Structures are given as C-alpha cells and as structure tokens.
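Counting from 1, the numbers follow the sequence of the chain as shown. All values below come from the heavy atoms of this structure, side chains included, with hydrogens, waters and symmetry mates left out. Being a predicted model, the structure only gives us computed values, none of them experimental.
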Amino acid sequence: MNKLARTLAWVAAGALTGAGLAKLQKMRAKRQEEARELRFGGTRTLETPRLILRRFTLDDAADMYENWARDPEVTRFLTWQPHEDEDATYNLLEGWVDQYEKGNYYNWAIELKELGEPIGNISVVAQNEKVRQAHIGYCLGRAWWHQGIMTEALRAVIPYLFQEGYLRIDSRHNVDNPHSGGVMKKAGMRYEGTLRQNGWDNSGVHDEALYAILAEEYKGGEGGI
C-alpha cells in the first residue's frame, strides 16, 4: 500500500471512530436520561396569563362549593356526586391539604386572577412511577366553560410534569363529553384510541377516548405548544 492509500485509510478509520464515538455518547446520554429519577417537587404554584395554579387551602371550601362542587352538571361526567353542603367540601379539602406533604402529590386549585377565587381543579389522579407516566384529571365550574381556561391550565401543568421527570402524560374522557377531548387536543395531546366500555362515571358505563403526549414530543415542539 502506497503512502497516499495509507493516509486515506487512516482518515477513513478516524472518521468512523469519531462517528462511532458520537453515537456511543448519544446512547449513553439517552440511558442516563431514562435512568433519571423523578424529582417529586409536588404541587408548586404555576402562573398563566389568566390563572394562578396553586395548592388548595381550607379557606377555599366556600368558593369550591359554590363555584363547582355542588353543580350536578359539573359532576355529570365525573365519578363523585355533587356535594350536599359546604361541610362536605371542607372535609374533602382536609384530606387534600394533608397530602401536600407528599412530593408525588399534584393537585392544583385553578384560580382566576380577575376573580381571586378558585373555579376548578386539575390534578394527577394516577401515576406509574416505573414508566414515569402521569394521568391527568380536571373539572371546571360551569360559568367558565368554553373560554379556553382548562386548556390554559393543562398547558401549564404539562411542561411542569415533564420537568419533574415524567415521560408520558395522558388523560381520558367519556366519548359523550367531546369538549374534554378538545381541551386535550389543544394542549398538545394526541388521540391514541377509544377504550370500549372501559369507564364509569355519573352517567354510567361508557367508552373512553385516550389522549397522551410524550416528553420527546414536547421537547420536539410538536402539538403546537
């Protein structure tokens, strides 16, 4: 092999080595990311143009009862019954407030800035820490439906949970409540399918539409977020 051929061979070998090293480093970084533990920062205050998402307090009982907890239209597609009185709301809040000590408890009061009162809530209602998945649930007072408020709240919660280390965020809705699916879609979630006769709420057994967004999709700028 002449000198030129040897030189070209060395250059090619170096290029391959460099490419292989870059690939190895990328794979190692990916494994480190996948191995990162959840942060469990808990329910921290988040702010949007119209909203403050914050922890509930016992002082919210009256507003929660009046603004949404007593309304059967709000609970129509939920699994709990309308509260009979403010005491029922207060008792529920006592349990919620106690759980804020847990780092993996995420439950926000949705406070409308111009009103200074909570008008709904959004929370992680289930999670799988092994696969780093969080399942979202939410409800909103009827007076504030169809104003983009829940979409605004969900768009704030999604990036926070990804920062916490979750890799998948999903939610489901009764197919007879398509407006909830619209919220999920506008917040960047993708429709993944319909689970037949999979859910139960105050309207009875129903089909559920499943939506989700992955951390890699959010980082890639998909979903219009």
Side-chain angles (χ1 to χ4, degrees), residues 38-129 134-166 169-173 177 179-180 183-184 187 200-203:
L38 292 167
R39 296 179 182 177
F40 294 140
T43 308
R44 298 185 180 180
T45 300
L46 307 174
E47 187 171 350
T48 73
R50 293 183 291 176
L51 309 172
I52 295 176
L53 307 184
R54 58 165 177 82
R55 294 184 176 190
F56 281 96
T57 72
L58 296 180
D59 292 336
D60 292 321
D63 292 331
M64 177 175 173
Y65 176 72
E66 290 294 331
N67 290 340
W68 77 91
R70 65 185 179 92
D71 188 348
E73 279 300 303
V74 171
T75 63
R76 178 184 175 192
F77 296 112
L78 301 178
T79 57
W80 49 274
Q81 294 295 320
H83 293 184
E84 294 183 358
D85 51 40
E86 189 179 318
D87 287 341
T89 305
Y90 186 91
N91 292 336
L92 177 64
L93 286 177
E94 282 187 315
W96 287 1
V97 170
D98 286 345
Q99 293 191 71
Y100 282 128
E101 296 302 316
K102 301 177 183 178
N104 65 344
Y105 185 65
Y106 304 90
N107 184 10
W108 288 271
I110 302 173
E111 180 179 312
L112 188 63
K113 290 179 180 179
E114 66 179 22
L115 186 63
E117 297 177 3
I119 58 173
N121 87 292
I122 183 168
S123 62
V124 174
V125 297
Q127 55 187 296
N128 185 329
E129 296 176 9
H135 183 71
I136 300 293
Y138 48 74
C139 61
L140 186 68
R142 191 178 358 166
W144 299 277
W145 289 358
H146 312 308
Q147 299 175 36
I149 288 175
M150 190 55 73
T151 298
E152 190 172 323
L154 184 54
R155 282 180 167 176
V157 167
I158 285 173
Y160 175 72
L161 291 176
F162 284 147
Q163 290 170 11
E164 286 285 274
Y166 290 93
I169 299 169
D170 60 34
S171 192
R172 297 192 295 267
H173 72 87
N177 183 24
H179 292 296
S180 186
V183 168
M184 299 170 195
W200 181 92
D201 58 26
N202 290 324
S203 69

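- Contact annotation: the side chain of E129 approaches that of N104 to within less than 4.5 Å [non-hydrogen atoms, C-beta and beyond].
- A donor-acceptor pair under 3.5 Å links the side-chain atoms of E152 to the main chain of R50, judged by distance alone.
- Remark: the backbone N or O of Y65 is not paired with any side-chain donor or acceptor of E86 at under 3.5 angstrom.
- Between R54 and D60 there is a salt bridge, since at least one side-chain N of the basic residue sits less than 4.0 Å from a carboxylate O of the acidic one.
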* When you look at L58 and L93, which way does the side chain to side chain contact (heavy atoms under 4.5 Å, CB included) test go after all the steps? -> CA-CA 6 Å; L58 296 180; L93 286 177; 4.0 Å; yes
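- With a 6.0 Å radius and a threshold of 12 heavy atoms from other residues, nucleotides or ligands, K113 has its NZ atom above the threshold.
- Atom CD of Q147 has more than 12 neighbouring heavy atoms from other residues, nucleotides or ligands inside a 6.0 Å radius.
- For the pair I158/I169, a side-chain contact is recorded, criterion being any heavy-atom separation below 4.5 Å from C-beta on.
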* Assess whether side chain to side chain contact (heavy atoms under 4.5 Å, CB included) is satisfied between V124 and Q127, documenting all intermediate values. => CA-CA 7 Å; V124 174; Q127 55 187 296; 4.1 Å; yes
* Would L53 and T45 count as a side chain to side chain contact (heavy atoms under 4.5 Å, CB included) if you check the C-alpha gap in whole Å, the side-chain angles of each, and the deciding distance to 0.1 Å? -> CA-CA 5 Å; L53 307 184; T45 300; over 6 Å; no
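- In this structure, D170 contributes its side chain and I136 its backbone to no donor-acceptor pair below 3.5 Å.
- Distance alone, capped at 3.5 Å, places no donor-acceptor pair between the N91 side chain and the E94 backbone.
- A donor-acceptor pair is defined here as one N or O able to donate and one able to accept, closer than 3.5 Å; such a pair exists between the side chain of N67 and the backbone of P118.
- Between the side chain of R39 and the backbone N or O of Q163 there is at least one donor-acceptor pair closer than 3.5 Å.
- Shortest non-hydrogen contact noted between V74 and L78 is O-CD1, 3.4 Å.
- Annotation: the span from D63 atom CG to L115 atom CG amounts to 7.5 Å, rounded to 0.5 Å.
- Inter-residue side-chain proximity for C139 and N121 is flagged as met; some heavy-atom pair is nearer than 4.5 Å.
- Annotation for I110 and A153: closest pair CD1-CB, 4.1 Å, computed over non-hydrogen atoms.
- Taken to the nearest 0.5 Å, the CD1 atom of I122 stands 8.0 Å off from the OG atom of S171.
- Contact of the F56 side chain with the N107 side chain is registered, since non-hydrogen atoms from C-beta on lie closer than 4.5 Å.
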* Is there a side chain to side chain contact (heavy atoms under 4.5 Å, CB included) between H173 and M184 once you walk through the steps? -> CA-CA 9 Å; H173 72 87; M184 299 170 195; 3.8 Å; yes
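- A 4.5 Å side-chain heavy-atom check between W68 and L140 finds every atom pair outside the cut-off.
- In this structure, CZ on F77 lies 4.5 Å from CG on N177, to the nearest 0.5 angstrom.
- In this pair, Y100 and Y105 present their aromatic rings perpendicular. The plane angle is above 60°, beyond the 30 to 60° band.
- D71 places a side-chain heavy atom less than 4.5 Å from the side chain of R142.
- T89 and A69 get closest at one heavy-atom pair: OG1-CB, 4.1 Å.
- Between the OG atom of S180 and the CE atom of M150 there is a distance of 8.5 Å, given to the nearest 0.5 Å.
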* To do: Carefully, step by step, assess E84 and R70 under the rule salt bridge (charged side-chain N to carboxylate O under 4.0 Å, His left out).
  => CA-CA 7 Å; E84 294 183 358; R70 65 185 179 92; over 6 Å; no
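- No donor-acceptor pair closer than 3.5 Å links the side chain of T43 to the backbone N or O of R55.
- Side chain of T48 to backbone of L51: a donor-acceptor contact under 3.5 angstrom is found.
- Of the possible polar contacts, none joining the W96 side chain to the T57 backbone as a donor-acceptor pair under 3.5 Å is found.
- Taking 4.5 Å as the limit, every side-chain heavy atom of K102 sits out of range of all side-chain heavy atoms of F40.
- The shortest non-hydrogen separation linking L154 to A187 is CD2-CB, 3.5 Å.
- Ring orientation note: the planes of Y106 and Y166 are nearly perpendicular, at an angle over 60° on the 30°/60° scale.
- The closest side-chain heavy-atom distance from H83 to Y90 is not below 4.5 Å.
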